[in-house]
2 protein chains.
Amino acid sequence: MVRVGLDLNKIIQTAVEIADNEGLEAVTLASLARKLSVKSPSLFNHIKGLASLKSEMSLYGLRLLLEKLKISIEGKEQDEALSAMAYAYVEFTREHPGLYEITIQAPEEIDGELKKASDEIVELIIHVLKDYNLDHNNMIHTIRGLRSLLHGFSSLEQSGAFAMSISVEESFEFLIKNFIKSIHQINKESNIK
Amino acid sequence: MVRVGLDLNKIIQTAVEIADNEGLEAVTLASLARKLSVKSPSLFNHIKGLASLKSEMSLYGLRLLLEKLKISIEGKEQDEALSAMAYAYVEFTREHPGLYEITIQAPEEIDGELKKASDEIVELIIHVLKDYNLDHNNMIHTIRGLRSLLHGFSSLEQSGAFAMSISVEESFEFLIKNFIKSIHQINKESNIK
DNA sequence: ATTATAAAACTAACGGTATTAGTTTTGTGT
DNA sequence: ACACAAAACTAATACCGTTAGTTTTATAAT
């Protein structure tokens, strides 16, 4: 019974490794304990259970994503910032497929921390979209559209749904370009009225 | 041991009910057997196992979705057809949240039937998009964009990510309208060149 | 009607999972 | 040196999917 110096952080890190390398469904307390050279009940000294661990992973993922998005837009604005953020988003989902998946479907709230982290991401998107001077409703519609596009693209890419013989990267470029154009179009229409 | 007259179809139907009412993760051979008044090993007379059952559900879901999409575009073309198809898609995900979820992530192929069903949906989208005279690459990009938008929107809606106080329905309307506009824009640009 | 057969249900058992309870070890601060 | 709390452990429970082997039942052939 050599003490192995476990802590919440190490557990989460290892769980994320499993999730990203072997898939989210491979994250079990049993596999985790094996990888940490520990018996699975020992994990309960640090976590409440599997559901709770997954929520912790989710929180970790949201914060990591937020950081990546923040860095991506540094010193940029409008189209350039929006584009950079979009690319950073899908890059994150490719670097962390398993972590990203749990990020979208945390089992339970953690003291409002999950909502907070998620809100901060939305706030960042709002910050970028402010450059486009959309009215309140259009702003919300546009946020929802951007999130739908990014999440849908990432999710479908990961599930292998884009099988056709044309570069997925080229498609993403096309989609983001067109999305940005379409935002500009919104304002042109308001001006006509 | 009253014979209960089980068959593959009844099993799938019941599994779909559980998936839609209690969530996909509630679909277990144990819960399924309980609901069918049978012991779980009896299920193996009709299915190969849980993974196989989920693939069957996936196939059923893809076919149901395809039918719904086909019906939605009957007698329509271009913008009207595209819009109708988009609305039918999200309606399906709302009617069948659990079934839709498994539709996107079948565990294993069934004799190429899953790929075939999935291809047929893509073919239907192609059929609708033909009205826009896009070149081959733009066609594929646009298909991927539409699928991303629809799947992302549905997935985020189901996971409760659209929490802001503005009608989600209104946002969807906005997004589809803009997506359609953006397709028209593609061709305008080609003409300029 | 009787019976043979195959399908469809069953029971029993195994290995894997999460989780709880209770025990032992170990590091640390007094 | 020792007390104590934390961190590991073992043992046990309850569920899950799955397999093997058994019994029942519907049906088709005689």
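Please read all numbers here as calculations on a predicted model, not as lab measurements. First the proteins, then the strands, lettered A, B, ... as listed; each starts at 1. The analysis underlying the following values was restricted to heavy atoms, covering all of them including side chains, and did not include hydrogens, waters or symmetry mates.
Annotation: ring pair (Phe, Tyr, Trp, His ring centres under 6.0 Å) contacts involving residues 152-174 of chain B, sequence neighbours excluded, comprise His141(A)-Phe174(B), Tyr87(B)-Phe172(B), Phe153(B)-Phe162(B), Phe153(B)-Phe172(B). For residues 44-58 of chain B, the set of pairs meeting the salt bridge (charged side-chain N to carboxylate O under 4.0 Å, His left out) definition, not counting sequence neighbours, is empty. Counting only residues at least two apart or in different chains, side-chain hydrogen bond (donor to acceptor under 3.5 Å, both in side chains) contacts with residues 158-169 of chain A comprise Arg94(A)-Glu169(A).
Considering only side-chain N and O atoms, Ser42(A) lies nowhere under 4.0 angstrom from the phosphate OP1 or OP2 of dA7(D). Residue Arg34(B) places none of its side-chain N or O atoms closer than 4.0 Å to OP1 or OP2 of dC15(D). Put simply, His46(A) has no side-chain N or O that comes within less than 4.0 Å of OP1 or OP2 on dA6(D).
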Mind listing the N/O atom pairs, protein and nucleotides 17-20 of chain D, below 3.5 Å?
from: dG17(D); atom 1: OP1; to: Leu29(B); atom 2: N; distance (Å): 2.6
from: dG17(D); atom 1: OP2; to: Leu29(B); atom 2: N; distance (Å): 3.2
from: dG17(D); atom 1: OP2; to: Ala30(B); atom 2: N; distance (Å): 2.8
from: dT18(D); atom 1: OP2; to: Leu50(B); atom 2: N; distance (Å): 2.7

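Atoms CE and CD, on Met85(B) and Glu80(B) in that order, are 13.0 Å from each other to the nearest 0.5 Å.
Computed from coordinates, the Asp7(A) CG to dA8(D) P distance equals 10 Å when rounded to whole Å. The separation between Ile18(A) atom CD1 and dT17(C) atom P is 11 Å, rounded to whole Å. Atom CG of Leu6(B) is separated from atom P of dA26(D) by 14 Å (rounded to the nearest Å). One interatomic measurement links the two molecules: CG of Leu32(A) to C1' of dT19(C), which rounds to 15 Å at whole-angstrom precision. Computed from coordinates, the Asn9(B) CG to dA8(C) P distance equals 14 Å when rounded to whole Å. Between the C1' atom of dT17(C) and the NZ atom of Lys39(A) lies a distance of 15 Å, rounded to the nearest Å.
Judged as a ring pair (Phe, Tyr, Trp, His ring centres under 6.0 Å), and not counting sequence neighbours, the contacts of Tyr100(A) are Tyr89(A), His151(A). Not a single ring pair (Phe, Tyr, Trp, His ring centres under 6.0 Å) links His127(B) to another residue, sequence neighbours left out.
Interface remark: the Asn45(B) side chain does not form any donor-acceptor pair with the dA7(C) base, using a distance-only criterion of under 3.5 Å.
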